[in-house]
2 protein chains.
Amino acid sequence: MSVIEESAEALLTPAEVAARFRVDPKTVTRWANAGKLSSIRTLGGHRRYRRDEVDALLTEHGLPETMPTES
Amino acid sequence: MSVIEESAEALLTPAEVAARFRVDPKTVTRWANAGKLSSIRTLGGHRRYRRDEVDALLTEHGLPETMPTES
DNA sequence: CCCTATTCGGGTAATTTGGGGA
DNA sequence: AATGTCCAAATTACCCGAATAG
């Protein structure tokens, strides 16, 4: 399995989601428990998160106003 | 799982941005509210800031490249 | 020097987050 | 590596007053 295929995976581990939000994996688990983030369970009981959902939440927010030219 | 994710985490906490600008964390929040700085929200409502943007703002003053002795 | 608008920091209360340990 | 729980630190949003331009 090469590294390139990984960017196409649809599911993210808790650590990967935590890294993208710059929070602890525990916090991601809290979000899932609070129903703020949909999760899928592995057969071992651990959670996986939808990558498109995470990416959508990451890009939610606002760009700064168009910065006029410094001239 | 590979290590490629590491380089993608470019988010700063409010305290980290405040430290770079030598201001209060509240002031950074004020900049975000004013739209001067783009922010990403955690699902709990806390803000994360893009390191690229912060670094760009810190260096965009056009400081002279030659920094002689500060005597 | 005075006046005015903006920015910054202090204080409080409520929520979220992170560290340590089970 | 991940889960669930307890507690301290961080962040948020609100107020207000002081410092800084212009």
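When reading the values below, keep in mind they use all heavy atoms of this one structure, side chains included, and skip hydrogens, waters and symmetry mates. Protein chains get the first letters and strands the later ones, always in sequence-line order, with residue 1 at the start of each.
Applying the side chain to side chain donor-acceptor pair (under 3.5 Å) test to every pair with at least one member in residues 26-38 of chain A, sequence neighbours left out, gives these pairs: A:Asn33-A:Arg47, A:Ser38-A:Glu53.
As a whole-Å value, the separation of A:Asn33 CG from C:dT16 P is 14 Å. The NZ-P distance, from B:Lys26 to C:dT12, rounds to 10 Å in whole Å. With rounding to whole Å, B:Arg22 atom CZ is found 15 Å from C:dG9 atom C1'. Going from atom CG of B:Leu12 over to atom P of D:dT11 covers 12 Å, rounded to whole Å. As rounded to whole Å, 17 Å separates atom P of C:dT15 from atom CZ of B:Arg47. Nucleotide D:dT11 holds its P atom 14 Å from the CG atom of B:Leu11, rounded to whole Å. Atom NE2 of B:His46 and atom P of C:dG18 are 9 Å apart (whole Å).
Between A:Thr29 and B:Glu16, the residue anchored closer to the 5' end of DNA chain D is A:Thr29, taking for each the nucleotide with the nearest heavy atom.
When distances run from any side-chain atom of A:Pro14 to the nucleotides D:dA10, D:dA13, D:dA2, the shortest one goes to D:dA2.
For the helix from C:dC3-D:dG22 to C:dG19-D:dC6, the axis fitted to the five pairs at one end and the axis fitted to the five pairs at the other end meet at an angle of 40° (nearest 10 degrees).
Both distances falling under 3.5 Å, in either a Watson-Crick or a G-U wobble arrangement, occur for no nucleotide opposite D:dA2.
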Under the side chain to side chain contact (heavy atoms under 4.5 Å, CB included) rule, what do B:Glu16 and B:Val54 come out as? Steps first, then yes or no, please.
CA-CA 10 Å; B:Glu16 290 171 340; B:Val54 173; over 6 Å; no

Under the side chain to side chain contact (heavy atoms under 4.5 Å, CB included) rule, what do A:Arg22 and B:Arg51 come out as? Steps first, then yes or no, please.
CA-CA 11 Å; A:Arg22 187 65 160 83; B:Arg51 204 212 309 171; over 6 Å; no

Between B:Asp52 and B:Asp55, does a side chain to side chain contact (heavy atoms under 4.5 Å, CB included) hold up when you go through it step by step?
CA-CA 5 Å; B:Asp52 318 348; B:Asp55 283 344; 5.9 Å; no

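Closest approach of A:Ala18 and A:Pro25 over heavy atoms only: CB-N, 3.5 Å. Summarising the geometry of B:Tyr49 relative to B:Leu37, their closest heavy-atom pair is CD2-CD2, 3.5 Å, with the distance given to 0.1 Å.
Panel note: side chain A:Arg48, backbone A:Leu11; no donor-acceptor pair is recorded below 3.5 Å.
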Provide a list of protein-nucleic acid N or O atom pairs under 3.5 angstrom, restricted to nucleotides 6-8 of chain C.
residue : atom : partner : partner atom : Å
C:dT7   : OP1  : B:Lys36 : NZ           : 3.1
C:dC8   : OP2  : B:Trp31 : NE1          : 3.0

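B:Leu58 and B:Val28 fall within a single hydrophobic cluster, where Ile, Leu, Val, Met, Phe, Trp and Tyr are joined by side-chain heavy atoms under 4.5 Å apart, directly or via other members.
One distance of note links OG1 of A:Thr59 with CD1 of B:Ile40; it measures 7.5 Å at 0.5 Å rounding.
The residue A:Arg48 sits apart from the nucleic acid: no heavy atom pair falls under 4.0 Å.
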